Amino acid sequence: MISAADYDFLRRLLQQRSGLVLSDDKQYLIESRLMPLARRLGLAGIAEITQKLRQPGNQALEDSVVEAMTTNESFFFRDKVPFDTFIQVMLPAINSARPAGQPIRVWCAAASTGQEPYSLAMALKENPRAAGGRRVEIIATDISTEVLERARAGIYSQFEVQRGLPIQLLVKYFTKQDETWQISPEIRAMVEFRKLNLLHPFTGLGKFDIVFCRNVLIYFGPATKADVLTRIARVLAPDGFLVLGAAETVVGVSEAFRPVPDRRGLYAVNLPALA
């Protein structure tokens, strides 16, 4: 059982390092995520993890704790609607507004093990006219080194490919390897993965036309949500699009974006608020 002092210490650490906000009743989450880490490191339990974290010079352990606590599930074509909107609305709108030859840049923030950016890549392959023949650059980022390594490899279990992935795309873009499936080199080459903490500056990624930041803001406190949204707006083209998760909204959180009418989860930059 985790002590109250250790729980409070870990809550503060996680919020400072990753933006993750844990309520008073999430001790079970700490235990379920960190006990496997303790066993892997040969430590007696969470109390020993916390004891080491309180000592200087334990950056690697801090990183491991943050990664263990922020690894979230992902699956192919999650919620479906955003991917249809990507092909039918976002890409055509951006294509018609850009000079000839200019690529379309897409950022998948908190991309986890890669299912979201690879879903976008497959959607592009299946709908080559949506971008008007332009090159589409997909940058996918995550705070976790471990999940990024998995994403780059593009290897998924039978369970993972059965969640949301149409069978015709599995057959077309994946190769069976014993008990796993690997996505084709052609699709993997369409996505560039980079490590990034959303609490840190991300202007170095450049400007984007479309940003997917789904199912991550729900873990942040109000001030962190507003800050991240404002900074996303500053790297997004004035006529670009932001896509949030089904349970997320900018309303009452940030004035940097406004909802796109009749398009659930789709937002446009609110230029007067950024002036």
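Small disclaimer: the values here were computed from a predicted structure and weren't measured. Computed over heavy atoms, backbone and side chain alike; hydrogens, waters and symmetry mates excluded.
Counting heavy atoms from C-beta on, the side chains of Leu37 and Arg33 never come closer than 4.5 Å. Side-chain contact between Met69 and Ser18 is absent, with no heavy-atom pair separated by less than 4.5 Å. Taking 4.5 Å as the limit, some side-chain heavy atom of Tyr118 sits within range of a side-chain heavy atom of Arg188.
For the residue pair Gln59 / Asp63, a side-chain donor-acceptor distance below 3.5 Å is found, with atom types taken as modelled. Residues Trp107 and Thr141 bring a donor and an acceptor atom of their side chains to less than 3.5 Å of each other. Judged purely by distance below 3.5 Å, without hydrogens or angles, the side chains of Thr145 and Lys195 pair a donor atom with an acceptor atom. A donor atom on one side chain and an acceptor atom on the other are not found under 3.5 Å apart for Thr180 and Gln182. Using modelled atom types, one finds a donor on one side chain and an acceptor on the other under 3.5 Å when comparing Glu126 with Tyr173.
Within 6.0 Å of atom CD in Glu179, 12 or fewer heavy atoms from other residues, nucleotides or ligands are found, so the atom counts as exposed in its surroundings.
Salt bridge annotation for Asp227-Arg231: present, with a cationic side-chain nitrogen under 4.0 angstrom from a carboxylate oxygen. Between Glu116 and Arg78 there is no salt bridge, since no side-chain nitrogen of the basic residue lies less than 4.0 Å from a carboxylate oxygen of the acidic one. Between Arg264 and Asp79, no side-chain nitrogen of the basic residue sits less than 4.0 Å from a carboxylate oxygen of the acidic one, so the salt-bridge criterion is not met.
Asn215 places no side-chain N or O within donor-acceptor distance of the main-chain N or O of Gly245, the cut-off being under 3.5 Å. Judged purely by atom type and a 3.5 angstrom limit, Asn270 uses its side chain to pair as donor or acceptor with the backbone of Glu255. The closest donor-acceptor contact from the side chain of Arg263 to the backbone of Thr85 lies at 3.5 Å or more, if one exists at all.
Under a cutoff of 6.0 Å and an axis angle of 45°, Arg105 and Phe208 form a cation-pi pair. Annotation: cation-pi pair Arg54/Phe9 present, NZ/CZ under 6.0 Å from the ring centroid and within 45° of its normal.
The six-membered or imidazole ring of Tyr156 lies near that of Phe76, with a centre-to-centre distance under 6.0 Å.
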Verify side-chain hydrogen bond (donor to acceptor under 3.5 Å, both in side chains) between Thr175 and Gln177, making sure each step is shown before the conclusion. CA-CA 6 Å; Thr175 303; Gln177 297 183 341; over 6 Å; no
